[in-house]
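Working notes for the structure below.
Owing to the predicted nature of the structure, the values given are computational and were not obtained by experimental measurement.
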Amino acid sequence: MAGKDFLTLADFEPEEVKRLIEKAYSFKQGETPRVLEGKVFALVFEKPSLRTRVSFEVGIRQMGGSCIYLSQQDIGLGVREPEADIARVLDRLVDGVIARVFSHRSLELLAENSSIPIVNALSDLGHPCQAIGDMLTVYEHKGELNGLGMAFVGDGNNIAGSLALACGSLGMDFTIASPRDYRIPSLVWDEAKKRAVENESALRWVETPEEAVGGVDVVYTDVWISMGDESEASARRKIFSKYQISEDLVKGAKPDFIFMHDMPAHRGEEITEGMLDHPNSVVFDQAENRLHAQKAILAQLFEG
Ligand code: NVA
C-alpha cells in the first residue's frame, strides 16, 4: 500500500481499496495468515469502543500478535504528554499502533513521529476500517459493488466521509441527505468526487431523505450525536429530526435494498424502533465484518 500507515482512504489508490475488500473476503472464507506472529500492538483509545476494540484484539490474536490497551486515562494523549513524545516512545516498544482519537491531527502526529504503522480506528475526519468492512458487507449481499447506489441519511460525519471515499473509489453512486450545515467537509468531499468522476459514478448531496433513498441498493445511517458532539445534543436532535430512517422511508428504496448502520444505534433518534431488526437489515454482518476487514488491513501493512 501507499505508505506505512492507514489513516484515510484518500491515501490509497482505488485499486488498493478494491484489493483490501477482496483480501477481507478471502480471509472470511478461509484461513487467517499468522503474519503478526510475535508482534505487539498498542491500542490507544481516547474514546469508548465495543466493535473496534474487540475486533482488533481478536483479529490481532488470530494472526499471532498481542495487544496492550491504553485508554485516555492511562496515557493522556496530547494532555499528559504531546503526541510526538508518545509516538517516539511507542516506536521503541511496539510494532504498531491502533488509535481512536478526537482530532485527526493526533493521528498525523503519531504517524509523523514514528516508523511503525499507525492505523486510524476512528477520528473526527474518518473511519476507514468501518468503510472497508461495510463494503465487504455490501459485496457479500449484492455480489458486486460497481454500479450500485448508496444513500446515507443524517450527519455528514466521519462515517459518511469514509463511505463517500469508498464509493467514489469503487464506482458506486453515493447520495447523502443532510442538513445544509452538516454536509461532508469539502476536504473529503472533493477527493471523493474526484474519484467518483474517474470511476464513472455519481456523488450527490440532497436536502431530503426521500430524494436520497429513491431506488437505491443500500440505505445507511449513523448517530446524530457523535462522540465529542455531546454538548450539541439537544440542538442536533432538533436539526436532524426529519432525517430519521423509518420503515416508511425505506419503501422508496429498491425492494431488495439492504439497511446498514455502523452502531451504536439509537432507537427513536436516527432510526425507528424496528429498523435494526428490519428483514433487510444487515447490521450484525457489518459488525462481524470489521474483524475480516481489519485483518486484511493489517496483513497488507505487515506483509508489505
Ligand atoms: N459517528 C460516530 C461513529 C461511531 C462508531 C462517532 O464518531 O461517534
### Query
Would you say the side chain of Thr175 lies within less than 4.5 Å of the side chain of Phe152, judging by non-hydrogen atoms?
no
### Query
Does the side chain of Thr221 come under 3.5 Å of the side chain of Glu270 through a donor N or O and an acceptor N or O?
no
### Task
Measure the spacing between CD1 of Ile132 and CG of Asp134 and express it to the nearest 0.5 Å.
9.5 Å
### Query
Looking at Lys18 and Glu22, does any basic side-chain N land under 4.0 Å from a carboxylate oxygen?
no
### Query
Got a salt bridge between Lys23 and Glu303, using NZ or NE/NH1/NH2 to carboxylate O under 4.0 Å?
yes
### Query
Do Asp173 and Arg204 pass the salt bridge (charged side-chain N to carboxylate O under 4.0 Å, His left out) test, and can you show the C-alpha distance, the side-chain angles, and the key distance before you say yes or no?
CA-CA 8 Å; Asp173 293 337; Arg204 283 194 313 150; over 6 Å; no
### Query
Does NZ or CZ of Arg53 come closer than 6.0 Å to the centre of the six-membered ring of Tyr69, within 45° of the ring's axis?
yes
### Query
Do Asp222 and Asn157 have a side chain donor and acceptor closer than 3.5 Å?
yes
### Task
Using the six-membered ring of Trp205, assess whether NZ or CZ of Arg183 lies under 6.0 Å from its centre and within 45 degrees of the ring axis.
yes
### Task
Compute whether any side-chain donor of one residue and acceptor of the other, for Gln29 and Ser26, lie under 3.5 angstrom apart.
no
### Query
What distance do Leu148 atom CG and Met135 atom CE have between them, rounded to the nearest 0.5 Å?
9.0 Å
### Carboxylate-amine/guanidinium proximity below 4.0 Å for Lys142 and Asp217
no
### Query
Can you find a pair of side-chain heavy atoms, one from Trp189 and one from Lys193, that are under 4.5 Å apart?
yes
### Donor-acceptor contact below 3.5 Å, side chain Asn113 vs main chain Leu110
no
### Message
Do the side chains of Arg100 and Glu46 get close enough for a salt bridge, i.e. N-O under 4.0 angstrom?
### Response
no
#### Entry: Heavy-atom neighbours of Glu230 CD exceed 12 at 6.0 Å
yes
#### Entry: Shortest non-hydrogen separation from Ala131 to Leu9 and the atoms involved
CB-CD1, 4.0 Å
### Non-hydrogen side-chain atoms of Val250 and Val213 separated by less than 4.5 Å
no
### Query
Is the shortest heavy-atom distance from the side chain of Ser66 to the side chain of Val40 under 4.5 Å?
yes
### Message
Could you measure the distance from the OG1 atom of Thr52 to the CD atom of Glu57? Nearest 0.5 Å is fine.
### Response
11.5 Å
### Message
For the CZ atom of Phe45 and the CG atom of Leu122, what is their distance to the nearest 0.5 Å?
### Response
9.0 Å
### Message
Salt bridge or not between Glu198 and Arg195? Use side-chain N to carboxylate O under 4.0 Å.
### Response
no
#### Entry: Candidate pair His261 and Phe284, rule ring-ring contact (aromatic ring centres under 6.0 Å, His included), full reasoning
CA-CA 9 Å; His261 192 313; Phe284 294 102; over 10 Å; no
### Query
Can we say Arg105 and Glu83 salt-bridge, meaning some charged N sits less than 4.0 Å from an Asp/Glu carboxylate O?
no
### Summary
Applying ring pair (Phe, Tyr, Trp, His ring centres under 6.0 Å) to Phe259 and not counting sequence neighbours gives none
### Task
Specify whether Phe302 and Phe41 have parallel, tilted or perpendicular ring planes, treating 30° as the upper limit for parallel and 60° as the lower limit for perpendicular.
perpendicular
### Task
Report the C-alpha separation of Ile225 and Asp155 in whole Å, then their side-chain angles, then the decisive distance to 0.1 Å, and conclude whether the side chain to side chain contact (heavy atoms under 4.5 Å, CB included) test is met.
CA-CA 8 Å; Ile225 302 147; Asp155 190 11; over 6 Å; no
### Query
Do Gln130 side-chain atoms and His127 backbone N/O form a donor-acceptor pair below 3.5 Å?
no
### Query
Counting only N and O atoms by type, is there a donor-acceptor contact under 3.5 Å from the side chain of Thr8 to the main-chain atoms of Asp11?
no
### Message
Do Ile116 and Val97 have side chains that approach each other closer than 4.5 Å (heavy atoms only, starting at C-beta)?
### Response
yes
### Task
Could you check if a side-chain atom of Leu165 sits within less than 4.5 angstrom of a side-chain atom of Glu191, using non-hydrogen atoms only?
yes
### Query
Taking atom types as modelled and ignoring hydrogens, do the side chains of Asn289 and Thr137 form a donor-acceptor contact shorter than 3.5 angstrom?
yes
### Carboxylate-amine/guanidinium proximity below 4.0 Å for Asp248 and Lys251
yes
### Task
State whether the side chain of Asp5 and the backbone N or O of Ile118 hold a donor-acceptor pair below 3.5 Å, judged by distance alone.
yes
